[in-house]
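The structure appears below as structure tokens.
What you see below is based on every heavy atom in this structure, not just the backbone, and it leaves out hydrogens, waters and symmetry mates.
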Amino acid sequence: MKQIQIGIVILLILCCCPLGAQAEVLYPDLPVLSKAEAVEDNKETVVIVGAKDGQLNKAMEEITHRIPTSKIRKTFATLYNGFSVSIPKKELKAVKNMKHISRVDEIVTYQAALEESVPFIGGGAVRGKLDKEGHRLTGEGVKVAVIDTGVDYTHPDLVRNYKGGYDIIDDDADPMETQASQGPPTLHGTHVAGIIAANGRIQGVAPEAEIYAYRALGPGGQGTTEQVIEAIEKAVEDQVDVLNLSLGNTVNGPDWPTSLALDMAVDKGVVAVTSSGNSGPAMWTVGSPGTAQKAISVGASAPPMQTPYITIPSEQKQLELNSLKGTDRWSLKRDFPFQSAGYGLTADFEELDVKGKIVLMKRGRISFEEKVKAAQSAGAVGILIYNNTSGPFVGGVENRYALPAGTLSQEDGEWLLKQLSANSTAVIRTMYRKEQDFLAPFSSRGPVTFSWEVKPDLVAPGMSIDSTVPGGYTGLDGTSMSAPHVAGAAALLVQAHPEWNPEQVKAALMNSAKQLVNKEGEQYAPHEQGAGRLQVDKAIEQDTLVYPAAITFGKWSKNDIREKRTVTVTLENQSSSTRTYHIDPPFVLLDGMEWQAPPAVSLKPGEKQKVELSLDLMPSILGEGIHYDHIKITGGKEDILLPYILFMEEPDYPRVMAFQFVHGDLPNTYRYEYYLPGGAEESGIALYDPDTFQFITYLETRDHTDRGMVTAEISEVALPPGLYKALVYAKQEGKEDIIESMIYIGEEPVM
């Protein structure tokens, strides 16, 4: 009885907390009924191996000598200084301890996460400008690599731009999008390529740039670490100028292999642009490779667009909608009756007539996909899903549905229910406001765990972006659409300033960005918008460069004595006259905090100088948590605002993230993984009955695990087939977090 009571209390606590919030739950205090141990057998696994400097060949020889059954798959000598290898699962620990090896990472899966947006970022104003050869700035002669699902190079708007590439998935020189005969067809890469360089019915940011396509994501838009790294290496070997990676995972760490590969590509002279991810609006949701320090990580903002708000005609209150990804945009033009359908379960619809109505449902119990299917089958004209915890949320469905759907906060959903209860004939009216320059709610926020770097670096339009797809055009949302705006802008900068290196290109884009404010008029934080929203026309004309264009002073402890930390930034005068610059840190009236910077820096045309900026701080004066502001550099044509952040005490990052659970190759075997960004004193996976919330058992428990990806395989799970609620937990530095997920044990039913 005690066990059941504890299990129920724990789930009630979790129901009161949004996912990722701190939950004071100590799972190891529960009795263990049974524990399935990780199986170390001869099952093959593929890992990415990093070799120590100058020891790549020795590392490969060591593995093949000590593990004769191992198979070297691909060698990454251009950027990563490593290789992928297939080894028996039981040899994983031995490989990690080998003399010539620096690190071992199991592969993970990546998901492929205009017409008005290009002029909005200054693309139209650039058209009349000329490069040093007297050619219009169109991206002419600049090679841009699209590492994605492939590209439909026969599309009339892309056929002139396409110059080649490679298909990593099929290992040939034909990087066409996945066709229906090959599996779930794709269109993502073509859409991305169009934003960069479409040159036909629609015009991309750099309409004469050369597109090189590298198909690293196959059917359904799926790919692995191994395939993405190989694509990056091939693109660098092909001497491209700009990389665009509109893809990512949910691992928020600076040293994931794809992030490291991008950093090394930048060291080779290539501008690397990547999407930050679509897991916002919470902090710490930027995923790899958007965490790469030297790459340009891009979040999503709104171009000029009609934002839907709903109301009850007799009421003053107006409710803002967030789109449910994978459904039609909300575009209802007249009033519609609405009906509550509980959680959207089959039973909830049994005695309801929702034909021609908007259906209001509560989040939870079943997937968004099932809710949308049920409402569509019942004849609804629209769907509203409200949160089951305080505040708004964003979500999506895997398949495409020709039905408008939106999400609401818990408070707004309950307000609608109250109106319906008071008047059963109440109707919903939609109004539209033209709005722009707010952050997309789905846009992933930073900063980056462990390095505490500011990410994303900047934002660009990523909502309702029309671009090319196989056979035509369509509009899509996502940071996948934001990144190619910046990649196209980078191509224009490379054409305008061919002597610039990637750091200078990145600085020009960030130094010239427009800082955005939310709908309450408050400025977004650096870890939300980076330096601000892309303005390519101003970046082209930037006469002063400051880099790095965002800085971190790291983590401090209140127990530390007074400490001085110094960062070095480079000031560069790109103008034709001598300029004198002043560095103005934020004016803070706090005893125990002192900024130190040179009083003035004079630079001749083309001259640059490194300067030190110091923060002398008594930690006890600041409250716990994140602190941020901007440092102003004056003296150029326009002032430059340099965002900075620092943390007092251990940051409140999620202690666990990126949980995956899949069936193994053999019957009754399963593989799982989760990421520990700061390590964990305790972690594991607990299973509960999804209906009663009764604790059942643990799939695993671990003590004192280092930071990084935890992966294992289990077998002989002594549980009846069915759906279970899995709670993945991790505790570190006095904070415990959980991930809640539904997993299926046994042979999955055929849908």
Practice item. I would like to know whether His627 and Trp556 meet side chain to side chain contact (heavy atoms under 4.5 Å, CB included); could you show each step before the answer? Key: CA-CA 11 Å; His627 298 268; Trp556 307 59; over 6 Å; no

Is it the case that the side chain of [X] and the backbone of [Y] share a donor-acceptor pair, with hydrogens and angles ignored and the cut-off at 3.5 Å?
X	Y	result
His663	Gly746	yes
Thr186	His188	no
Asn322	Val394	no
Glu528	Ala525	yes
Thr479	Gly277	yes
Tyr524	Leu439	yes

Indicate yes or no: does [X] engage [Y] in a salt bridge with an N to O separation below 4.0 Å.
X	Y	result
Glu650	Lys555	yes
Asp477	Arg329	yes
Glu700	Arg702	yes
Lys735	Asp652	yes
Lys519	Glu320	yes

Could you list the donor-acceptor pairs under 3.5 angstrom formed by side chains in residues 341-350, with sequence neighbours left out?
unit_1	atom_1	unit_2	atom_2	d
Asp348	OD2	Tyr343	N	3.1
Asp348	OD2	Gly344	N	3.2
Asp348	OD2	Leu345	N	3.0

Taking the side chain as every heavy atom from C-beta outward, state whether [X] and [Y] have any atom pair closer than 4.5 Å.
X	Y	answer
Tyr386	Asp412	no
Tyr724	Met742	no
Met481	His191	yes
Leu321	Pro308	yes
Leu516	Ser301	yes
Pro392	Thr407	no
Asp457	Val298	no
Gln339	Ile358	no

| said: Here's one to test your reading of the geometry: is the NZ or CZ of Arg671 within 45 degrees of the ring axis of Phe661 and under 6.0 Å from its centre? | reply: no

Quiz item: Is Lys373 positioned over the aromatic face of Tyr401, cation under 6.0 angstrom from the ring centre and no more than 45 degrees off axis?
Solution: no

Exercise for review: Show the numbers, then the answer: is there a side chain to side chain contact (heavy atoms under 4.5 Å, CB included) between Ile310 and Leu384?
Suggested key: CA-CA 10 Å; Ile310 62 172; Leu384 296 172; 3.6 Å; yes

Q.
Tell me if the aromatic rings of Trp452 and Tyr628 count as close, with their centers under 6.0 Å from one another.
A. no

Nearest heavy-atom contact between Ser443 and Ala300 is OG-N, 2.9 Å

May I ask you to check whether [X] and [Y] show a side-chain donor-acceptor distance below 3.5 Å?
X	Y	answer
Ser276	Ser444	no
Ser259	Thr291	yes
Asn387	Ser409	no
Asn668	Ser715	no
Tyr674	Gln660	no

Can you give each donor-acceptor pair under 3.5 Å made by side-chain atoms of residues 703-711, sequence neighbours left out, with the distance rounded to 0.1 Å?
unit_1	atom_1	unit_2	atom_2	d
Arg707	NE	Pro677	O	3.2
Arg707	NH1	Asp255	OD2	3.0
Thr711	OG1	Glu106	OE2	2.3

Which is it for Tyr670 and Ile743 under the side chain to side chain contact (heavy atoms under 4.5 Å, CB included) test, yes or no, and what are the steps along the way?
CA-CA 11 Å; Tyr670 308 88; Ile743 65 174; over 6 Å; no

| request: Verify ring pair (Phe, Tyr, Trp, His ring centres under 6.0 Å) between Tyr688 and Phe693, making sure each step is shown before the conclusion. | output: CA-CA 6 Å; Tyr688 292 80; Phe693 303 144; 8.4 Å; no

May I have the step-by-step check of side chain to side chain contact (heavy atoms under 4.5 Å, CB included) for Trp256 and Thr225, ending in yes or no?
-> CA-CA 9 Å; Trp256 197 249; Thr225 309; 4.0 Å; yes

Exactly one of Lys371, Glu369, Glu370 clears side-chain hydrogen bond (donor to acceptor under 3.5 Å, both in side chains) with Ser367, and that residue is Glu370

When rounded to the nearest 0.5 Å, the distance separating OH of Tyr675 from OG of Ser288 is 8.5 Å

Rounding to 0.5 Å, atoms CE (Met657) and OG1 (Thr285) come to a distance of 9.0 Å

Sorted by chain and residue number, the side-chain contact (heavy atoms from CB on, under 4.5 Å) partners of Ser451 (sequence neighbours excluded) come out as Pro254, Val448, Glu453

Exercise. Using a cut-off of 6.0 Å, state whether more than 12 heavy atoms not belonging to Phe450 lie near its atom CZ.
Key: no

